[in-house]
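Take a look at the structure set out below.
We're numbering straight along the sequence, starting at 1. Heavy atoms only: backbone and side chains are in, while hydrogens, waters and symmetry mates are out.
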Amino acid sequence: MQMIDAQAVHAHLPYAHLIPALIQAHRADVDARMETVFDQPSFGSKDGVDNFLVLPAWQRGRALGAKLATVFPENERNGSGLPSIHAVVVLFDGADGRPLGVIDGTALTVRKTAADSGMGATWLAPAQAERLLMVGAGAMAPHLIQAHLTARPTIRKVAIWNRSPERAKSLAGSLNIPSVTVTAIDDLEAAACRADVISCATMATDPLIRGAWLKPSTHLDLVGSFRPDMHECDAVALVTGSIFTDSRWMALEKGGEIQAALASGQITPDAVLADAFQLAQGKHPGRRTEDEITVYKNGGGGHLDVMVAQILLDAVNATVNGAVNSTMNSAD
């Protein structure tokens, strides 16, 4: 059994490799999955909520595993320097049940989540996208930016908005991406109206992005909401756009925006045109017209952690085997 730390996770999962590998993984189905969320009043806030998530999944004959994750939002606001999410992922062999690895789940989570959005953008973002708006400047933001740039290398301008402008400025100043201009902005509406791709990674409970702001051809990527009370866009964006998601069960069971629109009758379940499995398997073409507004709900889930853990172990083992072969050849 291997113990894989955060440094190794990031080193072995560049987005240029991870995104296509994740698409390939979606060409097979998941046999079983589950999610349990425990919550308690935040230890560091009067009205906040801390969460403990248990996300197991099983691909029979291939792999099974689970992620254990904590979400403490105050970490990113209290000056501790800690991310809001901490996690470990445990992977087992799907054929014989052997434990294969214990993986730093915090690093794997940010890589998996960003690659999930990059995967969605591969099918749904406009082919010649030039402007990316990043809504939120937390730990996920730099990874989402890199994943979207990998999916759409035509992007040349990145704007970052955050409720705390200082965090947006800090993140913008820390990113040095060749041929890409990165700026912090204050006017969210103006930036959203110009953006070709909008990626949201926040803990918002009131919608931040309005459907009325979206120009034809915009791709909206929703990452943050994982509870029914969390919303990053309004119902107009969902009614206006073509809705896709990484998995139907996460979109219909967990996504706050979609749940609210379903409950109000503004959309029906069949408004979700396809999920990542159907897109990867060629059952839906993804973006169909140049002017189509697309919405992708990145819901996550334990099945994605298992997929990425498998991709990671394959990459680690390939590196080890390559190093061994190189040593043996040198010895010869």
*asked:* For Gln2 versus Leu313, what's the shortest heavy-atom pair and its separation?
replied: NE2-CG, 4.5 Å
_Sub-4.5 Å side-chain heavy-atom contact between Val71 and Met203_ = yes
*asked:* Hydrogens and angles aside, do His284 and Asp275 bring a side-chain donor and acceptor to less than 3.5 Å of each other?
replied: no
_So if I apply the salt bridge (charged side-chain N to carboxylate O under 4.0 Å, His left out) rule between Asp196 and each of Arg287, Arg152, Lys215, which one comes out positive?_
Lys215
_Do Leu273 and Leu279 land in one hydrophobic cluster if side-chain heavy atoms of ILVMFWY residues count as linked below 4.5 Å?_
yes
*Can you name the nearest heavy-atom pair linking Ser247 to Gly300, along with the distance?*
OG-O, 4.4 Å
*Under a 4.5 Å side-chain heavy-atom rule over Ile, Leu, Val, Met, Phe, Trp and Tyr, are Val158 and Leu188 clustered together?*
no
*Judged by modelled atom types alone, do Glu232 and Thr202 share a side-chain donor-acceptor pair under 3.5 Å?*
yes
*asked:* Can you confirm whether Asp229 sits close enough to Gln259 that some side-chain heavy atom of one is under 4.5 Å from a side-chain heavy atom of the other?
replied: no
*asked:* To check you understand the geometry: which heavy-atom pair defines the closest contact between Leu220 and Cys200, and what is its length?
replied: CD1-SG, 4.1 Å
*4.5 Å side-chain heavy-atom contact, His12 and Thr319*: yes
*Between Ile19 and Thr122, is a side chain to side chain contact (heavy atoms under 4.5 Å, CB included) present by the stated rule, with each step listed?*
CA-CA 9 Å; Ile19 292 171; Thr122 299; 3.9 Å; yes
*Would you check, one step at a time, whether the test side-chain hydrogen bond (donor to acceptor under 3.5 Å, both in side chains) holds for Asp116 with Tyr296?*
CA-CA 10 Å; Asp116 187 344; Tyr296 183 73; 2.6 Å; yes
*Report yes if some heavy atom in the side chain of Met34 is under 4.5 Å from a heavy atom in the side chain of Leu55; otherwise report no.*
no
*Minimal non-hydrogen separation, Arg248 against Pro269, with atom names*: NH1-O, 4.2 Å
*Listed by chain and number, what are the side-chain hydrogen bond (donor to acceptor under 3.5 Å, both in side chains) partners of Asn78, not counting sequence neighbours?*
Ser80
_Single-linkage hydrophobic cluster, 4.5 Å side-chain cutoff, Leu64 and Phe277 together_ = no
*asked:* Do Ile198 and Ile258 sit in one hydrophobic cluster, given that two such residues count as connected whenever their side-chain heavy atoms are within less than 4.5 Å of each other, even indirectly?
replied: yes
*CG of Asp206 to CG of Asp234: how many Å apart, nearest 0.5 Å?*
11.5 Å
*Heavy-atom distance under 4.5 Å between the side chains of His303 and Gln59, does that happen here?*
no
*Output the distance between atom CG (Asn162) and atom OG (Ser170), rounded to the nearest 0.5 Å.*
10.0 Å
*Heavy-atom side-chain proximity of His10 to Val110 below 4.5 angstrom*: yes
_I'd like to check Leu214 versus Thr240 (side-chain heavy atoms, cut-off strictly below 4.5 Å). Are they in contact?_
no
_Can you tell me how far apart CD (Glu130) and NZ (Lys157) are? Round to the nearest 0.5 Å._
8.5 Å
*Provide the full list of ring pair (Phe, Tyr, Trp, His ring centres under 6.0 Å) pairs with a residue in residues 58-99, sequence neighbours left out, each pair given once.*
none
*Can we call the ring centroids of Trp123 and His219 under 6.0 Å apart?*
no
*Would you say the side chains of Asp29 and Gln281 form a donor-acceptor pair under 3.5 Å?*
yes
*Could you tell me the separation between the NE2 atom of His231 and the CG atom of Leu208, rounded to the nearest 0.5 Å?*
11.5 Å
Can you give me every donor-acceptor pair (side chain of residues 174-185, partner residue at least two apart or in another chain, under 3.5 Å) with its distance?
from   : atom 1 : to     : atom 2 : distance (Å)
Ser174 : OG     : Leu171 : O      : 2.7

*Go through Thr289 and Asp291 one step at a time and tell me if the side-chain hydrogen bond (donor to acceptor under 3.5 Å, both in side chains) criterion holds.*
CA-CA 6 Å; Thr289 68; Asp291 290 341; over 6 Å; no
*Start with the C-alpha gap between Arg33 and Trp249, add the side-chain angles, then the distance that decides, and say whether side chain to side chain contact (heavy atoms under 4.5 Å, CB included) holds.*
CA-CA 10 Å; Arg33 52 86 196 173; Trp249 58 82; 3.1 Å; yes
_salt_bridge(Glu166, Lys169) N-O dist < 4.0 Å_ = no
*With the side chain counted from C-beta on, respond yes when Ile155 and Arg131 share a heavy-atom pair under 4.5 Å apart, and no when they do not.*
no
*asked:* Could you report the tightest heavy-atom contact between Ala63 and Val306, atom names first, then the distance?
replied: CB-CG1, 4.0 Å
_Once side-chain contact (heavy atoms from CB on, under 4.5 Å) is applied, do any residues pair with Ala309, and if so which ones, sequence neighbours excluded?_
Val89, Leu91, Ile103, Leu108
_Salt bridge present between Lys112 and Asp305 (N-O < 4.0 angstrom)_ = yes
*Report yes or no: do Ser217 and Glu290 form a side-chain donor-acceptor pair below 3.5 Å?*
no
*Heavy-atom closest contact (Val223 atom, Ser117 atom, distance)*: CG2-OG, 3.4 Å
*asked:* If hydrophobic clusters are built by linking Ile, Leu, Val, Met, Phe, Trp and Tyr wherever their side-chain heavy atoms come under 4.5 Å apart, do Val37 and Val54 end up in the same one?
replied: no
_Asp93: side-chain hydrogen bond (donor to acceptor under 3.5 Å, both in side chains) partners, not counting sequence neighbours_ = Arg98
Donor-acceptor pairs are to be reported for all side-chain atoms of residues 139-147 against protein atoms at under 3.5 Å, with residues two or more places apart or in another chain.
from   : atom 1 : to    : atom 2 : distance (Å)
His143 : ND1    : Tyr15 : OH     : 2.8

_I'd like to know if the side chain of Ser225 pairs up with that of Glu257 as donor and acceptor (distance under 3.5 Å, no hydrogens or angles considered)._
yes
